[in-house]
Chemist: 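There's a structure below that I have some questions on.
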Amino acid sequence: MSLSVQNLECGYHGKRVVEPINFDLVGGDGLALLGPNGSGKTTLLKSLVGSLKPLSGKASLGDEIRPNSKEWHRSVAYVPQEESVSFPFTVREMVMMGRMPWSPGFADTEEDNLATEAALRRADCDGLADRPITEMSGGEKQRTLIARALAQIGSDSSRSRLLLLDEPATHLDFAHQTMLVSLINELRDEGVIVIASWHDLHLPAHTCNKVALMVKGKLERFGPTDEVLNPATLGQAFGAKFLISATPVLEFK
């Protein structure tokens, strides 16, 4: 299964934020979206998930699955940069909401329950399952949002699956950042396409085989991680000096 993005132009109220962008990914690819604040990373993710209608162009999974179709909402999961929840849903109820595209009712089938419990365990939320989301710390809420996305895409390897993550390491402590790195790599091994935006430039090298470097809404560079993550390219994009060490200070295992 593949993702094809063709001349996708994104923005708000007719005003362009992301210039027409093109790239293709296949199952198991991990793409890191990098760039300064305001470069269009979140806008691109919203357009891919279908919550923001693109100004022009298109994205497709395989040959048949189109944005905002029933199958697209089943196959594409999204972890937003932040989400405000005022009602005291339990963590389990929040995660089960990821099953809504699959269930004819309120995500109450046996498959929904199994997928929810598996997602809770995988995101290290099973110990929080019965607690209100309104009483969670920032990191616990983030793990809950990750678990909800896992429940949505499920575990059936015959399906096309795309996971979109907007700054997924936000609020996570180092142990759970390590968990996130392992989780992303496990999903890629299962054939899931993962696209994630990052501020921490240490993490993409451990999770992604490709990088899209965006500056002021334009795709400046797209290619293998080790080719794009170099001091000259990053320095030009971010307006800062970079030093990349061959021996990382921290290693994820």
Side-chain angles (χ1 to χ4, degrees), residues 3 5 8-12 16-25 28-52 54 57 59 67 76-83 123 138-139 141-150 152-153 161-172 176-185 187-188 192-229 233-234 236-240 242 252:
L3 170 70
V5 175
L8 193 67
E9 183 182 21
C10 314
Y12 303 91
R16 183 171 68 185
V17 174
V18 176
E19 296 186 16
I21 190 171
N22 295 273
F23 62 83
D24 294 290
L25 301 173
D29 272 340
L31 175 65
L33 296 180
L34 305 181
N37 291 337
S39 58
K41 302 185 297 295
T42 295
T43 301
L44 175 60
L45 289 172
K46 287 181 177 180
S47 292
L48 289 175
V49 78
S51 62
L52 178 65
V76 181
Y78 178 49
V79 177
Q81 192 171 127
E82 60 182 0
E83 183 171 318
K141 287 180 181 178
Q142 187 71 0
R143 282 152 49 201
T144 301
L145 296 178
I146 292 170
R148 184 179 65 183
L150 294 176
Q152 180 178 342
I153 61 177
R161 289 169 293 166
L162 171 63
L163 176 60
L164 306 173
L165 304 155
D166 195 358
E167 301 296 341
T170 300
H171 304 303
L172 296 183
H176 287 103
Q177 287 185 34
T178 304
M179 177 208 75
L180 176 64
V181 167
S182 297
L183 178 59
I184 289 175
N185 288 324
L187 291 168
R188 289 181 55 205
V192 177
I193 299 171
V194 179
I195 302 178
S197 68
W198 304 94
H199 277 312
D200 186 340
L201 300 185
H202 187 60
L203 297 175
H206 296 279
T207 55
C208 300
N209 62 321
K210 296 181 180 180
V211 170
L213 183 60
M214 300 180 67
V215 179
K216 296 181 179 179
K218 183 179 180 181
L219 182 61
E220 290 289 344
R221 287 287 301 273
F222 182 95
T225 301
D226 57 355
E227 292 182 9
V228 180
L229 289 184
T233 300
L234 294 175
Q236 184 176 14
F238 287 91
F242 287 84
F252 291 88

Chemist: Can you find a pair of side-chain heavy atoms, one from V17 and one from C10, that are under 4.5 Å apart?
Modeler: no
Chemist: Only counting residues at least two apart or in another chain, list the ones meeting side-chain hydrogen bond (donor to acceptor under 3.5 Å, both in side chains) with E227.
Modeler: none
Chemist: Ignoring hydrogens and geometry, is there a side-chain-to-backbone donor-acceptor pair from E167 to H199 under 3.5 Å?
Modeler: yes
Chemist: If I take atom CG from residue L164 and atom CG from residue L31, how far apart are they, to the nearest 0.5 angstrom?
Modeler: 10.0 Å
Chemist: Does the side chain of V18 reach to within under 4.5 Å of the side chain of S47, using non-hydrogen atoms?
Modeler: no
Chemist: Please check: side-chain N/O of N185 versus main-chain N/O of H206, any donor-acceptor pairing under 3.5 Å?
Modeler: yes
Chemist: Closest approach of A147 and A123, non-hydrogen atoms and distance?
Modeler: CB-CB, 3.7 Å
Chemist: Is the backbone of C208 close enough, under 3.5 Å, to the side chain of T225 for a donor and an acceptor to pair up by distance?
Modeler: yes
Chemist: Quick check: closest heavy atoms across L163 and A149, and the distance to 0.1 Å?
Modeler: CD1-CB, 3.8 Å
Chemist: For the atom pair CE (M214) and OG1 (T43), what is the distance rounded to the nearest 0.5 Å?
Modeler: 8.0 Å
Chemist: Do E83 and R148 make a side-chain contact, defined as non-hydrogen atoms from C-beta onward lying under 4.5 Å apart?
Modeler: yes
Chemist: Take L45 and Q81, measure what side-chain contact (heavy atoms from CB on, under 4.5 Å) needs, and give me the verdict at the end.
Modeler: CA-CA 10 Å; L45 289 172; Q81 192 171 127; over 6 Å; no
Chemist: Taking E9 for the side chain and P54 for the main chain, is one N or O donor matched with an acceptor at less than 3.5 Å?
Modeler: no
Chemist: What are the two closest non-hydrogen atoms of A169 and L203, and how far apart are they?
Modeler: CB-CD1, 3.7 Å
Chemist: Excluding sequence neighbours, so at least two apart, what forms ring pair (Phe, Tyr, Trp, His ring centres under 6.0 Å) with F238?
Modeler: F242
Chemist: Taking all non-hydrogen atoms of both residues into account, name the closest pair between A59 and L8 and its distance.
Modeler: N-CD1, 4.5 Å
Chemist: Might you point out which heavy atoms bring I153 and A77 nearest each other, and give the distance in Å?
Modeler: CG2-CB, 3.4 Å
Chemist: Taking C-beta and beyond as the side chain, do R143 and L172 meet within less than 4.5 Å on heavy atoms?
Modeler: yes
Chemist: With K141, which residues qualify under side chain to side chain contact (heavy atoms under 4.5 Å, CB included), at least two apart?
Modeler: I133, M136
Chemist: Taking the side chain as every heavy atom from C-beta outward, state whether K46 and Y78 have any pair of such atoms under 4.5 Å apart.
Modeler: yes
Chemist: Return the CD to CD distance between Q142 and E82, rounded to the nearest 0.5 Å.
Modeler: 10.0 Å
Chemist: Test I146 against L183 for side-chain contact (heavy atoms from CB on, under 4.5 Å), laying out the working first.
Modeler: CA-CA 10 Å; I146 292 170; L183 178 59; 3.9 Å; yes
Chemist: List the atom of L34, the atom of P204, and the distance in Å for their closest heavy-atom pair.
Modeler: CD2-CG, 3.8 Å
Chemist: Holding to side chain to side chain contact (heavy atoms under 4.5 Å, CB included), I want the full list of residues that pass it with T207, two or more places apart in sequence or in another chain.
Modeler: V181, I184, W198
Chemist: Which residue pairs satisfy the side-chain hydrogen bond (donor to acceptor under 3.5 Å, both in side chains) criterion with at least one member in residues 212-222, sequence neighbours excluded?
Modeler: R221-T233
Chemist: Do the non-hydrogen side-chain atoms of F222 and N22 ever get within less than 4.5 Å of each other?
Modeler: no
Chemist: What pairs meet the salt bridge (Lys or Arg N to Asp or Glu O under 4.0 Å) rule with one or both residues in residues 192-211, with sequence neighbours excluded?
Modeler: D29-K210
Chemist: Are the side chains of I195 and L25 in touch, meaning some heavy atoms are under 4.5 Å apart?
Modeler: yes
Chemist: Can any side-chain N or O of K41 pair as donor or acceptor with the backbone N or O of P36 at less than 3.5 Å?
Modeler: yes
Chemist: What I'd like to find out is whether the side chain of L48 reaches to under 4.5 Å of the side chain of V76, using heavy atoms alone.
Modeler: no
